[in-house]
Each structure stands twice: as structure tokens, then as C-alpha cells.
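Structure record follows, encoded as C-alpha cells.
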Amino acid sequence: MFLLLCLATLVTVGLTHPTYQNAIPNGHHTHNPCGGQAWHGVGHLLSAGSGPLNPFGVDFAAAGHTWTAALCRLDSDRDGRTNGAELGDPQCTWTPAHHGHMPASTGHPGICEPIGSTACAWQNVVC
């Protein structure tokens, strides 16, 4: 059982893409709308990464996997909050070289919240 747990942990860590996590604000600490630890696969429907892209993942890929002011101002998940607001960059000023204090992520840019609400009925996310 211990070996299985170790293997599962390694697979989960291996599925995240650190380069992409470093390319967005709070990429390593993105709010998990299902509760629990951070959503490491920010651009995916699965919190660990891999599998189908969520709307933010599609928009991030279209932006060349780069955090741009245009991507920041988008509301990829159509929940009424911009990607920047959800990732802690409401003024769209963050850059990958940013090393100062960063406000915490308060939402998920690719998962419509609150999950299960009428406004988010279009998405297929189950916690």
C-alpha cells in the first residue's frame, strides 16, 4: 500500500508542468474550487494536470503559453471575474520576473465558480 501511495504521489507531481506554472501569477498556488490543496494543473480539468484543457488552458495556449495583458483581462471560465482577478493580478502587471509580494489566488481562471451553480451549469467539472 505504501508503494502504491508513493507511486501515486510521483505521478501527480510529474503531471504538472512547472514551466507553465511559472508563466502565470500564483501558478503553483492556484485556488482549488473543490477545496483542499492548490490546483496544480491550472489549464486542465484535472487538478493534477494532464487530460483535457479547461477554458483557461485553451486561452493560455492561444496566447502562446504567455501571461499577457489580454489573457489577464479575459474571463476564460465566464464566471464574471477576469483571469487576473482570480489569479491575484487584477491590475495585469505581473511578469515571470516578479519576485515581490503577490496577493493570493482567490479563484480559478478555468473552472467556473461556484461549481454546480446555475451560472456554471455549462461546465463538466465534478469535485
Side-chain angles (χ1 to χ4, degrees):
M1 184 63 134
F2 178 73
L3 181 59
L4 184 60
L5 179 61
C6 289
L7 181 60
T9 301
L10 287 174
V11 168
T12 299
V13 170
L15 291 175
T16 63
H17 205 300
T19 303
Y20 295 160
Q21 289 177 323
N22 293 334
I24 61 173
N26 286 308
H28 293 277
H29 307 288
T30 301
H31 169 77
N32 185 335
C34 295
Q37 296 185 6
W39 192 287
H40 295 290
V42 180
H44 295 271
L45 291 173
L46 301 173
S47 66
S50 80
L53 295 176
N54 61 39
F56 175 76
V58 171
D59 290 341
F60 182 61
H65 298 107
T66 303
W67 185 249
T68 65
L71 178 61
C72 179
R73 288 189 294 268
L74 275 178
D75 178 13
S76 295
D77 59 10
R78 304 181 304 196
D79 64 0
R81 298 181 63 216
T82 67
N83 296 334
E86 292 190 288
L87 288 174
D89 183 25
Q91 302 303 317
C92 301
T93 58
W94 182 89
T95 67
H98 184 87
H99 295 291
H101 175 70
M102 180 91 212
S105 149
T106 60
H108 192 295
I111 307 295
C112 186
E113 299 169 73
I115 293 174
S117 67
T118 304
C120 298
W122 61 271
Q123 90 180 338
N124 188 20
V125 173
V126 179
C127 293

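For reference, positions follow the sequence shown, starting with 1.
- Remark: T118 engages no residue in a side chain to side chain contact (heavy atoms under 4.5 Å, CB included) (not counting sequence neighbours).
- The backbone N or O of H44 lies less than 3.5 Å from a partner atom in the side chain of N54, making a donor-acceptor pair.
- Tracing side-chain contacts under 4.5 Å through hydrophobic residues (I, L, V, M, F, W, Y), one reaches V42 starting from Y20; they form part of the same cluster.
- Note on M102: it clusters hydrophobically with L71, by side-chain heavy-atom contacts below 4.5 Å among ILVMFWY residues.
- Atoms CG and NE2, from L87 and H29 in turn, are 12.5 Å apart once rounded to the nearest 0.5 Å.
- Under the 4.5 Å side-chain contact rule for hydrophobic residues, L74 and I111 do not share a cluster.
- Residues T30 and P109 approach most closely at CG2-CD, 4.2 Å, considering heavy atoms.
- Atom CG of L45 and atom CG of L53 lie 8.0 Å apart (nearest 0.5 Å).
- Remark: side-chain polar atoms of E113 are not paired, donor with acceptor, to backbone N or O of D79 under 3.5 angstrom.
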**Test log, rule side-chain contact (heavy atoms from CB on, under 4.5 Å), inputs H28 and N22** = CA-CA 7 Å; H28 293 277; N22 293 334; 2.6 Å; yes
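- The two residues P55 and S76 have their closest heavy-atom pair at CB-O, 3.2 Å.
- Atom-to-atom distance recorded for T66:OG1 and I24:CD1 is 11.5 Å, nearest 0.5 angstrom.
- Sorted by first and then second residue, the disulfide bond (SG atoms under 2.5 Å apart) pairs involving residues 24-76 (not counting sequence neighbours) are C34-C127, C72-C92.
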**Item:** Verdict with supporting geometry, D77 and E86, side-chain contact (heavy atoms from CB on, under 4.5 Å)
**Value:** CA-CA 10 Å; D77 59 10; E86 292 190 288; 3.2 Å; yes
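- The two residues A119 and C112 come nearest to each other via the heavy atoms O-SG, 4.1 Å.
- In this structure, W122 and R78 approach most closely via the heavy-atom pair CD2-NH2, 2.6 Å.
- Aromatic ring pairs are classed by plane angle as parallel below 30°, tilted from 30° to 60° and perpendicular above 60°; the pair W67 and F56 is tilted.
- For T106 against A85, the heavy-atom pair with the smallest separation is OG1-O, 3.3 Å.
- Distance alone, capped at 3.5 Å, places no donor-acceptor pair between the D89 side chain and the P25 backbone.
- The minimum heavy-atom distance between P90 and G88, with the atom names listed, is CD-C, 3.3 Å.
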